[in-house]
Number of protein chains: 2
Amino acid sequence: MKQMNEENSSILSTGKLTIADIAEELGVSKSTVSRAISGKGRIGKETVQRVMECIEKHNFKPNSIAKGLADSRTYNIGVAFPADTDFINTPFFQICLLGVCEVAAALDYDVVVTTVKETDINLLKRLVEHRKVDGVILTRNFTNDIAISYLKKTGIPYVLIGSSDDDTIVQIDNNNVEACEKLISLLIADDVKGIALIAGDRKHMVNRHRCEGYYNALKNNGITLEPDLVFSDCSSSVFVEQAVRNILKRKVECIVCTDDVICGKVLSILREEGYTVPGDIKVASFYDSIYMQTNNPPITAIGFNAEELGTIAGKRLIGLIEGDTNRSKTVLDYEIHLRRSTK
Amino acid sequence: MKQMNEENSSILSTGKLTIADIAEELGVSKSTVSRAISGKGRIGKETVQRVMECIEKHNFKPNSIAKGLADSRTYNIGVAFPADTDFINTPFFQICLLGVCEVAAALDYDVVVTTVKETDINLLKRLVEHRKVDGVILTRNFTNDIAISYLKKTGIPYVLIGSSDDDTIVQIDNNNVEACEKLISLLIADDVKGIALIAGDRKHMVNRHRCEGYYNALKNNGITLEPDLVFSDCSSSVFVEQAVRNILKRKVECIVCTDDVICGKVLSILREEGYTVPGDIKVASFYDSIYMQTNNPPITAIGFNAEELGTIAGKRLIGLIEGDTNRSKTVLDYEIHLRRSTK
DNA sequence: CTGAAAGCGCTTACAG
DNA sequence: CTGAAAGCGCTTACAG
């Protein structure tokens with residue numbers, strides 16, 4: 001019986017009840033109801049009780065649009081989702097997004113997504129110019145990133161999932177340099193002799209960082225870099241193919257790929273050429289998507305917690321919006337999954 | 001010079017200018033400016049001109065929150081993003097989302113995402129109860145879908161990317177039944193003898209539809225169904241493994257998987273067992289992710305245009321919101337990519 | 001064709 | 001501790 005009533009009032013409340021209705025039912029003013037809900041201003045304990053009960057009873061939800069207008073806030077955060085073709089197959093970003101959605105809801109924000117391309121941030125501009133968000137999360141960065149320049153100019157709070165030399169930017173990232181360095185060092189310690197690197201577009205900062213880790217590892221282990229073993233800017237599968245064919249002409253014992261899409265292509269070519277992994281050549285990758293795990297042999301890969309990146313980014317951004325002044329970088333852990341492909 | 005001025009006013013305008021400012025500059029009333037912008041109500045052509053120029057000059061963007069409050073709209077559409085673990089690796093949903101974002105922006109809407117799980121739609125409820133969206137897009141459906149029941153009850157406009165028997169629901173989908181039927185029929189026509197099916201969770205309508213297509217194909221070709229060759233509810237990789245091992249004991253010439261994640265696992269087990277594709281056994285899948293394309297051999301797969309599903313869903317939803325009464329189902333094309341894995 | 005005014009549903013000084 | 005009133009930035013009947 002009770003339940004039925006609640007159900008009914010819940011239905012009615014959808015798009016109907018206002019703060020005035022509940023003020024009337026209680027015989028108090030709208031101001032009082034508002035204060036009870038927000039907890040701001042002096043207000044009697046007992047009054048708060050009564051208001052809260054009434055709200056509960058009717059399943060009343062204040063209209064956040066109106067609230068937003070009144071205090072010049074939207075209670076929305078924006079997420080800039082990469083729409084470039086190189087990223088369309090990487091679930092990394094959607095997992096980040098899940099993390100952001102989760103914290104946002106917990107902190108009473110909603111998340112609005114917009115797409116950005118390397119050279120086209122019109123939709124991002126539209127979003128901030130229409131004042132639909134209180135801040136934005138960038139999910140990757142380029143050398144000379146136009147989204148960053150734009151956001152900086154507008155003064156809107158934003159955070160970056162990624163790393164930048166510009167430390168005025170609030171950053172959340174895994175230590176990609178270190179992760180790659182450690183992976184390569186482990187291989188070297190395992191007496192793996194020639195290690196080639198196939199990296200994606202160098203305009204993506206993340207690829208640069210992984211290359212840097214590769215260089216560092218060689219240097220720290222007293223191995224001289226062979227430039228012929230580093231293939232960067234392999235953004236299309238044609239380039240990957242060229243790289244692999246070049247590598248196969250040399251004395252290489254392992255191919256490290258900066259992401260799983262590249263790695264998938266590499267595995268395919270190796271099979272085509274009749275090379276077995278790890279027998280003839282070892283392979284390792286970054287991101288550790290399900291396909292790397294279920295591949296035969298399973299592929300050694302560095303895994304990141306994309307959801308956590310999203311959660312933290314959301315939390316930090318909302319912090320900024322609400323006045324937090326901490327602008328330090330958050331560095332998250334990575335995991336090296338050593339699997340059969342490098343044994 | 002001109003450009004610099006525009007840049008400057010653009011900066012200033014971020015979060016500052018209102019309709020009143022531009023009314024003042026022009027010596028007209030706010031009402032007039034509003035009418036010029038919206039194009040509603042009678043208004044002089046020349047006045048519109050002047051208003052538009054002034055708006056252009058200052059790069060003024062009306063505050064959509066205020067507009068929303070005034071006409072009880074948010075100009076936001078919601079997208080319910082699956083957060084269940086089975087889907088986390090499928091880029092399908094993120095590509096849909098890109099499509100939605102694109103139309104939405106074109107029609108002057110923004111898209112807010114929320115996550116839903118099979119048994120937990122609290123975040124969806126929160127979103128609609130807070131009145132942050134004018135409608136929502138569901139991106140998949142279950143048998144007995146609680147999200148659908150909920151939305152239906154609230155009366156908010158919504159569309160489904162997926163298929164349902166309930167034709168009061170506006171649906172946008174590929175014809176999964178037909179796609180699977182055709183794929184199986186092609187195999188049969190090619191004289192492939194035993195065709196096994198490994199399908200995901202039967203609570204997902206899409207998996208049911210693909211199974212249905214499989215049944216239809218057998219029936220239409222006068223082949224009696226062998227229940228032992230159909231493995232449904234293979235939601236975890238343990239089940240997939242069991243299924244494959246069972247299949248290998250039988251006389252099976254082809255394994256059809258209802259999605260690429262299952263297929264990845266199947267390929268791995270086959271390799272482990274020393275079976276070659278397509279020599280010893282053929283394999284086909286659904287979704288056609290990049291890993292299917294770059295696999296060696298490339299995998300025969302049915303591909304869908306996820307972006308287009310998103311675009312159309314967005315367009316239809318906004319139509320509904322704005323009064324469109326067309327509730328017919330939109331059926332999109334699929335592509336069968338016949339590749340080496342079934343040759 | 002245009003303007004003054006009321007309203008959308010909240011918040012928050014300002015009085016009391 | 002509480003209320004009346006003004007304000008957030010728009011829209012839209014209602015007059016003219």
Side-chain angles (χ1 to χ4, degrees), chain A residues 12-52 54-55 58 60-76 108 110 129-134 322, chain B residues 12-52 54-55 58 60-76 108 110 129-134 322:
Chain A
L12 290 173
S13 81
T14 300
K16 296 283 178 283
L17 279 189
T18 76
I19 211 176
D21 296 318
I22 104 108
E24 186 176 0
E25 171 154 338
L26 257 35
V28 298
S29 73
K30 293 191 302 172
S31 327
T32 301
V33 174
S34 173
R35 282 192 275 256
I37 295 173
S38 68
K40 290 181 193 161
R42 308 180 64 76
I43 185 169
K45 263 196 167 184
E46 198 208 341
T47 318
V48 173
Q49 274 271 347
R50 288 179 56 217
V51 172
M52 285 322 210
C54 183
I55 283 177
H58 294 291
F60 165 73
K61 310 272 178 181
N63 180 327
S64 53
I65 298 292
K67 176 167 162 51
L69 183 58
D71 49 36
S72 296
R73 299 269 297 277
T74 64
Y75 297 96
N76 285 151
D108 249 299
D110 288 288
E129 286 175 352
H130 282 206
R131 307 181 190 101
K132 283 280 197 102
V133 294
D134 298 329
E322 302 190 338
Chain B
L12 291 173
S13 80
T14 301
K16 295 282 176 284
L17 279 189
T18 77
I19 211 177
D21 295 319
I22 103 108
E24 185 176 0
E25 171 154 340
L26 257 35
V28 299
S29 73
K30 294 191 301 172
S31 327
T32 300
V33 175
S34 173
R35 280 192 276 257
I37 295 173
S38 69
K40 290 181 192 161
R42 309 180 64 74
I43 185 168
K45 263 196 167 181
E46 198 210 338
T47 318
V48 173
Q49 273 270 347
R50 288 179 57 217
V51 172
M52 285 324 209
C54 183
I55 283 177
H58 295 289
F60 165 73
K61 311 274 178 181
N63 180 327
S64 53
I65 298 291
K67 176 167 161 51
L69 183 58
D71 50 36
S72 297
R73 300 268 298 277
T74 65
Y75 297 97
N76 286 150
D108 249 299
D110 288 287
E129 287 175 352
H130 282 204
R131 306 183 192 96
K132 282 281 196 101
V133 293
D134 298 330
E322 302 189 338

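In what follows, chains carry the letters A, B, and so on, assigned in the order in which the sequence lines appear, proteins first and then strands, with residues in each chain numbered from 1.
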Q.
Checking the side chain of A:Arg131 only, and the main-chain atoms of B:Lys61 only, is there a donor and an acceptor separated by less than 3.5 Å?
A.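 Yes, because the side chain of A:Arg131 sits within donor-acceptor range (under 3.5 Å) of the backbone of B:Lys61.
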Q. Counting distance only, does the side-chain N/O of B:Asp134 pair as donor-acceptor with the main-chain N or O of B:Thr74 below 3.5 Å?
A. yes
**Q.** Residue that, paired with B:Leu26, satisfies side-chain contact (heavy atoms from CB on, under 4.5 Å) out of B:Asp21, B:Thr32, B:Val51
**A.**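 Filter result, single survivor: B:Val51.
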Calculate the interatomic distance between [X] atom [atom1] and [N] atom [atom2]; express it in whole Å.
{"X": "A:Asn63", "N": "C:dG7", "atom1": "CG", "atom2": "C1'", "answer": "14 Å"}
{"X": "A:Leu17", "N": "C:dC8", "atom1": "CG", "atom2": "C1'", "answer": "16 Å"}
{"X": "A:Arg50", "N": "D:dC1", "atom1": "CZ", "atom2": "P", "answer": "15 Å"}
{"X": "B:Glu129", "N": "C:dG9", "atom1": "CD", "atom2": "P", "answer": "17 Å"}
{"X": "A:Lys45", "N": "D:dC1", "atom1": "NZ", "atom2": "P", "answer": "11 Å"}
{"X": "B:Arg73", "N": "C:dG9", "atom1": "CZ", "atom2": "P", "answer": "15 Å"}
{"X": "B:Leu26", "N": "C:dT2", "atom1": "CG", "atom2": "P", "answer": "11 Å"}
{"X": "A:Leu69", "N": "D:dG7", "atom1": "CG", "atom2": "P", "answer": "14 Å"}

Q: Select base, sugar-phosphate, or nothing to describe what A:Ile43 touches, counting heavy atoms under 4.0 Å on all strands.
A: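 Since only primed, P, OP1 and OP2 atoms lie under 4.0 Å of A:Ile43, the category is sugar-phosphate.
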Q) Contact class for A:Ser64 (heavy atom, under 4.0 Å): base, sugar-phosphate, or nothing? A)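 No contact.
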Q) Quick one: does B:Arg35's side chain get under 4.5 Å of B:Val48's, heavy atoms only? A)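 No, side chains not in contact.
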Roughly how many Å apart are [M] and [N], using the [atom1] atom of each and rounding to a whole number?
{"N": "D:dG9", "M": "D:dA13", "atom1": "P", "result": "23 Å"}
{"N": "C:dC1", "M": "C:dA5", "atom1": "P", "result": "24 Å"}
{"N": "D:dC14", "M": "D:dC10", "atom1": "P", "result": "24 Å"}

Q. What's the verdict on side-chain contact (heavy atoms from CB on, under 4.5 Å) for A:Asp108 and B:His130, showing C-alpha distance, side-chain angles and the deciding distance?
A. CA-CA 10 Å; A:Asp108 249 299; B:His130 282 204; 3.3 Å; yes
Q. Do NZ/NE/NH1/NH2 and the carboxylate oxygens of B:Arg73 and B:Glu322 come within less than 4.0 Å?
A. yes
Q: Over all heavy atoms of both residues, which pair between B:Tyr75 and B:Lys67 is shortest? Give the atoms and the distance, please.
A: OH-NZ, 3.2 Å
(Q) Let me check I have this right: for DNA chain D, each base becomes ., (, ), [, ] or |, based on Watson-Crick or G-U pairs with both distances under 3.5 Å. What is the full string? (A) |||.||||||||.|||
Q | Per-nucleotide protein contact string for nucleotides 11-16 of chain D (B base, S sugar-phosphate only, - none; heavy atom under 4.0 Å) | A | BBB---
Q | Phosphate OP1/OP2 of D:dG3 contacted by A:Ser29 side-chain N/O (<4.0 Å) | A |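 Checking D:dG3 against A:Ser29, a side-chain N or O does come within under 4.0 Å of OP1 or OP2.
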Q) Just by distance, with hydrogens left out, do A:Ser34 and A:Ser31 show a side-chain donor and acceptor under 3.5 Å apart? A)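 No.
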Q: Supply the atom-to-atom distance A:Ile22 CD1 to A:Ile55 CD1, rounded to the nearest 0.5 angstrom.
A: 4.5 Å
